[in-house]
Amino acid sequence: MCIFDKKFKSESMDFTEVYPEQVKTETQCGLSIAFFPDLPNEWQINLESRRYIGNKAKLSTWLSDILLESTNYYKDCDTFFDVFAGTGCIAKSMFASFKKVIVNDILHSNQVIYKAFFLKTAWDKAKVFNLLDTYNTLNTNKLPENYFSENFGGKFFDHKNAKLIGYIREDLEQRKREGELNEKEFCVLLATLIYNIDKIANTLGHFDAYIKKPIRHQTLYLKSIQPIEFEGIEIYREDANDLVRKVKADIAYIDPPYNSRQYNRFYHIYENLTEWKKPELFGVALKPKPENSSVYCTTKAKEAFQDLVENLDAKYLAVSYNNTYNAKSQSSENKIKLVEIEEILKAKGETKVFECDHPYFNTGKTEFNEHKELLFICQSIRN
DNA sequence: CTTCGATAGGTATGTCCTAG
DNA sequence: CTAGGACATACCTATCGAAG
């Protein structure tokens with residue numbers, strides 16, 4: 001058994017003193033030490049360590065600097081509202097500066113991730129550790145076939161890992177049903193599963209398609225996520241245009257999808273795993289019937305954006321944009337033009353634009369010689 | 001101490017098909 | 001013809017260790 005069981009319960013434990021031994025222990029007993037502060041990054045799974053389309057993690061310093069400087073946040077701003085929060089990285093970077101941070105995203109999986117990382121409710125860490133330990137030491141050869149392995153085995157994951165993932169998810173469901181896990185504990189475990197399978201998925205970062213070449217086996221080992229709990233967090237899973245009619249904020253950050261790529265299609269595996277309703281699946285990529293598609297990925301994007309801005313009750317609006325509007329492929333072309341964004345924001349209030357050279361990543365043949373990440377800051381004219 | 005090559009990690013688009 | 005969905009995938013960069 002692991003020495004951690006006992007030590008973890010001790011409030012006054014000196015982490016630095018026992019630290020090198022603990023790192024070794026971790027690999028042997030499968031118990032994650034990710035909840036311990038001051039450990040090197042390779043032993044933690046952070047909110048940022050996730051593959052996600054349009055991920056703003058690398059821009060968060062630039063973004064928050066501009067945001068905080070240009071909005072006088074320290075004088076009269078208490079509430080930050082991330083309307084399309086995605087990974088939640090930008091929202092997290094605001095915890096130190098605001099009393100209240102509101103996050104919203106339509107995807108179920110992102111919801112679980114916010115609860116796991118941010119929610120400040122009581123949970124039994126030792127229980128979570130022990131369960132992860134159990135999962136990490138399972139004999140994967142003896143696991144039964146299940147929904148996940150039957151559908152995704154040999155495709156998005158190798159068969160062994162798919163069986164393990166399906167087994168763990170089913171086990172979590174049962175423990176939740178029996179009241180053995182509270183919501184926070186369940187979310188931490190499920191988010192941990194999501195973050196770890198992200199690392200071994202047979203894809204190029206999303207689940208719109210899988211790689212057809214033979215799958216290289218990688219061991220699935222669950223390293224615990226490291227929550228950053230925040231008292232002032234408020235979590236929603238609503239249509240952005242509905243939600244803005246209900247909440248108020250000092251600063252609202254708007255980073256919608258800008259091209260026709262639907263996030264619910266990219267991350268259907270996580271949605272499936274989170275909801276665990278075992279839906280019927282279609283097509284080569286085994287996606288369920290579309291749910292929670294975004295109007296921002298369609299030709300109605302401009303109208304939706306206009307409606308959003310008009311109804312948003314915030315002192316400041318910050319809007320992210322990049323100039324990928326001349327892509328060769330129609331699917332990647334921005335649905336809202338730069339001038340349209342400017343126009344809509346200017347009607348709302350005084351608007352400034354900031355730009356940053358963002359080293360673009362591109363698998364295609366379109367050349368973005370001057371790829372820029374833009375940030376609009378609009379000070380709302382309050383009536 | 002410097003350079004080079006291997007490897008891991010991260011993120012985006014190209015292209016075809018079909019329904020209306 | 002158009003829009004959106006389905007299917008498929010590449011390339012750049014940071015890092016680390018070996019070699020010079």
Side-chain angles (χ1 to χ4, degrees), chain A residues 40-61 86-87 89-90 151-152 154-157 194-221 223 255-272 280-304 320-337 356-373:
Chain A
N41 282 337
E42 59 266 32
W43 293 102
Q44 306 178 359
I45 292 204
N46 299 317
L47 183 71
E48 290 80 5
S49 82
R50 178 174 177 202
R51 305 197 282 175
Y52 201 79
I53 292 282
N55 191 354
K56 293 284 184 296
K58 281 184 187 151
L59 289 163
S60 75
T61 311
T87 57
C89 292
I90 297 301
N151 285 301
F152 304 122
K155 291 167 181 169
F156 285 104
F157 301 92
I194 289 174
Y195 266 70
N196 283 282
I197 67 174
D198 176 37
K199 310 260 180 284
I200 59 158
N202 180 37
T203 65
L204 282 89
H206 58 63
F207 299 88
D208 205 21
Y210 55 86
I211 299 166
K212 298 299 179 289
K213 289 176 229 164
I215 306 173
R216 184 171 59 99
H217 175 76
Q218 298 178 82
T219 306
L220 175 59
Y221 176 85
K223 254 202 279 185
D255 182 24
Y258 277 116
N259 58 37
S260 76
R261 318 284 178 173
Q262 290 279 6
Y263 281 67
N264 62 341
R265 306 275 84 189
F266 274 167
Y267 301 107
H268 65 98
I269 296 258
Y270 299 151
E271 291 300 278
N272 194 333
E280 191 190 341
L281 303 172
F282 305 90
V284 175
L286 296 152
K287 295 167 187 163
K289 282 200 193 113
E291 235 178 63
N292 304 316
S293 294
S294 176
V295 67
Y296 288 85
C297 301
T298 73
T299 48
K300 300 198 178 62
K302 188 193 158 185
E303 289 159 45
S320 267
Y321 194 75
N322 64 58
N323 59 351
T324 57
Y325 35 78
N326 289 318
K328 274 194 187 125
S329 100
Q330 208 182 49
S331 301
S332 301
E333 219 168 82
N334 282 9
K335 290 292 180 189
I336 313 178
K337 300 282 173 216
C356 159
D357 291 314
H358 186 42
Y360 72 94
F361 167 78
N362 182 341
T363 66
K365 293 171 187 70
T366 305
E367 279 191 40
F368 296 124
N369 290 324
E370 295 197 9
H371 188 265
K372 298 246 192 280
E373 187 68 30

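Keep in mind that what you see is a predicted model, and the values were worked out from it rather than measured. A, B, ... follow the sequence lines: proteins, then strands. Residue 1 opens every chain.
Within 4.0 Å of A/Lys199, counting heavy atoms only, lies no atom of the nucleic acid at all. When heavy atoms are screened at a 4.0 angstrom cut-off, A/Gly283 is found touching the sugar-phosphate backbone but no base atom.
With sequence neighbours excluded, the residues that form a side-chain contact (heavy atoms from CB on, under 4.5 Å) with A/Asn202 are A/Tyr210, A/Ile211, A/Ile215. Residues passing the side-chain hydrogen bond (donor to acceptor under 3.5 Å, both in side chains) test with A/Arg50 are A/Asn110, sequence neighbours excluded. Applying the ring pair (Phe, Tyr, Trp, His ring centres under 6.0 Å) rule to A/Tyr52 yields the partners A/Tyr263, A/Tyr267; only residues at least two apart in sequence or on another chain are considered. Residues satisfying the side-chain hydrogen bond (donor to acceptor under 3.5 Å, both in side chains) criterion with A/Ser320, sequence neighbours excluded, are A/Tyr253. Take A/Gln262 and apply the side-chain hydrogen bond (donor to acceptor under 3.5 Å, both in side chains) test, not counting sequence neighbours, and it matches no residue.
Between A/Asp208 and A/Lys287, some side-chain heavy-atom pair lies under the 4.5 Å cut-off.
Residue-to-nucleotide contacts include a donor-acceptor pair under 3.5 Å from the side chain of A/Arg261 to the base of B/dG14.
Between the CZ atom of A/Arg50 and the P atom of B/dA8 there is a distance of 23 Å, rounded to whole Å. A/Tyr210 has its OH atom 10 Å from the P atom of C/dT9, to the nearest Å.
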At a cut-off of 3.5 Å, list every protein nitrogen or oxygen paired with a nitrogen or oxygen from nucleotides 1-4 of chain C, distance to 0.1 Å.
{"from": "C/dG4", "atom 1": "OP1", "to": "A/Thr299", "atom 2": "N", "distance (Å)": "3.3"}
{"from": "C/dG4", "atom 1": "OP2", "to": "A/Lys335", "atom 2": "NZ", "distance (Å)": "3.3"}

